Student: 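Sharing a structure, written as structure tokens. Questions coming.
In this chain, residues are counted from 1 in sequence order. Predicted model only: the values in this text are computed from it and were never measured.
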Amino acid sequence: MRKILALLLFVLCIACIGFIFWKQELQFIKPTPKPENLVQVDMGDSIDIALFENYNTKPLYIHFYNYDCPCSRFNIKEFELMVAKYKDQINFLAILQSSGPLNSSVTKDFETKYGLGIPTIYDTEGKYADNLGIYSTPQAVLVKDSKIFYKGNYNKARFCTSKNTKFAEMALNALLNNEPAPEFPLLATIPYGCELPSNGNEKQRFFNLF
């Protein structure tokens, strides 16, 4: 009887470890599911630049950040380095979402915590995300002359450790050098990471355990 109980306990432990591993790693390997009502917005498409006041003089770099997403938190260091390096040449904007309430104090907390010195917007209803066809985080959108120059992932690795696949920064450098957008593989443009809370997907609440 004791051997059976020990075996059951062992199996239960293995199952728990497997579940934790899936939750933290495997779900981020697969592409983020597309919302049923997604309006497709592709590179080269024009956008309503009026949504982004005072961003007409320079190219605009939009960073989507989700408080509940571990991928966003892993990615923030990469974004911080880009802001520090390019802030004199590019207008940066952070758009925040969360499955919990977002308000001005939350935005201020983001600004204080990371000290980026850039404007931030809380996009509770997903207006900005929907306008740009964004449904996952972390994602970057680079806009020039009211058209999307680049839209996609920062890196093939969610820890942003692969120097040869820094897609967002490579696109930014091309823009600053007046070059066409690089021809990236699908790995750059198919969203990976966490679904946005504004998608209305209850699975997003699972990410709160991180």
Side-chain angles (χ1 to χ4, degrees), residues 31-67 69 71-72 75-76 78-79 82-83 85-98 102 107 110-111 116-155 166-201:
T32 306
K34 288 184 179 181
E36 292 182 1
N37 60 345
L38 175 70
V39 176
Q40 191 69 36
V41 181
D42 299 314
M43 285 189 283
D45 288 352
S46 297
I47 67 166
D48 183 7
I49 198 64
L51 278 174
F52 311 98
E53 296 180 5
N54 302 320
Y55 291 103
N56 296 319
T57 57
K58 297 179 183 178
L60 174 62
Y61 189 109
I62 306 170
H63 171 70
F64 282 86
Y65 181 89
N66 178 0
Y67 270 88
C69 179
C71 298
S72 277
N75 164 260
I76 194 64
E78 178 76 4
F79 182 59
M82 291 183 67
V83 171
K85 185 175 180 179
Y86 298 103
K87 63 183 178 181
D88 293 333
Q89 300 166 279
I90 297 289
N91 283 319
F92 284 93
L93 173 66
I95 297 182
L96 317 181
Q97 282 202 21
S98 172
L102 273 175
T107 304
F110 176 87
E111 294 171 343
L116 298 174
I118 64 173
T120 57
I121 295 174
Y122 50 99
D123 189 25
T124 307
E125 298 180 355
K127 178 178 70 173
Y128 294 90
D130 292 345
N131 185 268
L132 296 171
I134 296 292
Y135 57 93
S136 176
T137 53
Q139 287 279 285
V141 178
L142 186 55
V143 180
K144 180 182 180 182
D145 299 328
S146 300
K147 293 184 178 181
I148 295 180
F149 186 85
Y150 174 76
K151 187 183 88 167
N153 302 313
Y154 277 80
N155 202 301
K166 290 189 175 183
F167 304 123
E169 187 168 6
M170 291 165 67
L172 180 52
N173 280 318
L175 183 149
L176 293 175
N177 290 322
N178 294 314
E179 299 173 353
E183 293 185 7
F184 292 124
L186 289 176
L187 193 59
T189 56
I190 296 177
Y192 288 80
C194 307
E195 296 178 69
L196 286 177
S198 62
N199 293 353
N201 194 329

Student: In Å and rounded to the nearest 0.5 Å, what is the CG to CD1 distance from Asp123 to Ile134?
Tutor: 11.0 Å

Student: Please examine the side chains of Phe64 and Ser136, heavy atoms only from C-beta on, and report whether any two atoms are closer than 4.5 Å.
Tutor: no

Student: Can a donor-acceptor pair be found, under 3.5 Å and without considering hydrogens, that links the side chain of Ser72 to the backbone of Thr137?
Tutor: no

Student: Starting at CD1 of Ile90, measure out to CG of Leu60 and round the result to the nearest 0.5 Å.
Tutor: 8.5 Å

Student: Can you list everything that forms a side-chain contact (heavy atoms from CB on, under 4.5 Å) with Asp48? Sequence neighbours excluded, please.
Tutor: Ala50, Leu51, Asn131

Student: Among residues two or more places apart or on two chains, list those pairs meeting salt bridge (charged side-chain N to carboxylate O under 4.0 Å, His left out) that have a residue in residues 141-151.
Tutor: none

Student: What pairs meet the ring pair (Phe, Tyr, Trp, His ring centres under 6.0 Å) rule with one or both residues in residues 126-148, with sequence neighbours excluded?
Tutor: Phe52-Tyr128

Student: Nearest 0.5 Å, please: how far is CG in Asn155 from CG in Asn75?
Tutor: 9.0 Å

Student: Would you please name every residue forming a side-chain hydrogen bond (donor to acceptor under 3.5 Å, both in side chains) with Tyr61, sequence neighbours left out?
Tutor: Tyr154

Student: Restricting to side-chain hydrogen bond (donor to acceptor under 3.5 Å, both in side chains), what partner residues turn up for Asn173, sequence neighbours left out?
Tutor: Tyr86

Student: Please state whether the sulfur gamma atoms of Cys71 and Cys194 sit closer than 2.5 Å to each other.
Tutor: no

Student: To the nearest 0.5 Å, what is the distance between CG (Leu93) and OG1 (Thr120)?
Tutor: 8.0 Å

Student: Would you find a donor on one side and an acceptor on the other, under 3.5 Å apart, between the side chain of Asn153 and the backbone of Ile190?
Tutor: yes

Student: If the condition is side-chain hydrogen bond (donor to acceptor under 3.5 Å, both in side chains), which residues does Asp42 pass it with, not counting sequence neighbours?
Tutor: Gln40

Student: Can you tell me how far apart CD1 (Ile95) and CD (Gln139) are? Round to the nearest 0.5 Å.
Tutor: 12.0 Å

Student: Quick one: list whatever passes ring pair (Phe, Tyr, Trp, His ring centres under 6.0 Å) with Tyr150, sequence neighbours left out.
Tutor: Phe184

Student: Of all heavy-atom pairs between Met82 and Phe92, which one has the smallest distance, and what is that distance?
Tutor: O-CZ, 3.7 Å

Student: Walk me through whether Tyr192 and Leu187 qualify under side chain to side chain contact (heavy atoms under 4.5 Å, CB included).
Tutor: CA-CA 9 Å; Tyr192 288 80; Leu187 193 59; 4.0 Å; yes

Student: Taking only residues two or more places apart in sequence, or in another chain, which ones meet Glu125 in a side-chain contact (heavy atoms from CB on, under 4.5 Å)?
Tutor: none

Student: Which pair of heavy atoms, one from Gly126 and one from Gln97, lies closest together, and at what distance?
Tutor: CA-NE2, 3.7 Å

Student: Is the Tyr65 ring parallel, tilted or perpendicular to the Tyr67 ring (thresholds 30°, 60°)?
Tutor: perpendicular

Student: With no hydrogens and no angle check, is any side-chain donor or acceptor of Thr32 less than 3.5 Å from a backbone partner on Glu195?
Tutor: no

Student: How about CD on Glu36, more than 12 heavy atoms from neighbouring residues, nucleotides or ligands closer than 6.0 Å, or not?
Tutor: no

Student: For Phe149, what residues pass the ring pair (Phe, Tyr, Trp, His ring centres under 6.0 Å) criterion, not counting sequence neighbours?
Tutor: none

Student: Calculate, to the nearest 0.5 Å, the distance between atoms CG and CD1 belonging to Leu132 and Ile47 respectively.
Tutor: 5.0 Å

Student: Can you sort out the partners of Lys85 under salt bridge (Lys or Arg N to Asp or Glu O under 4.0 Å), two or more places apart, ordered by chain and number?
Tutor: Glu169

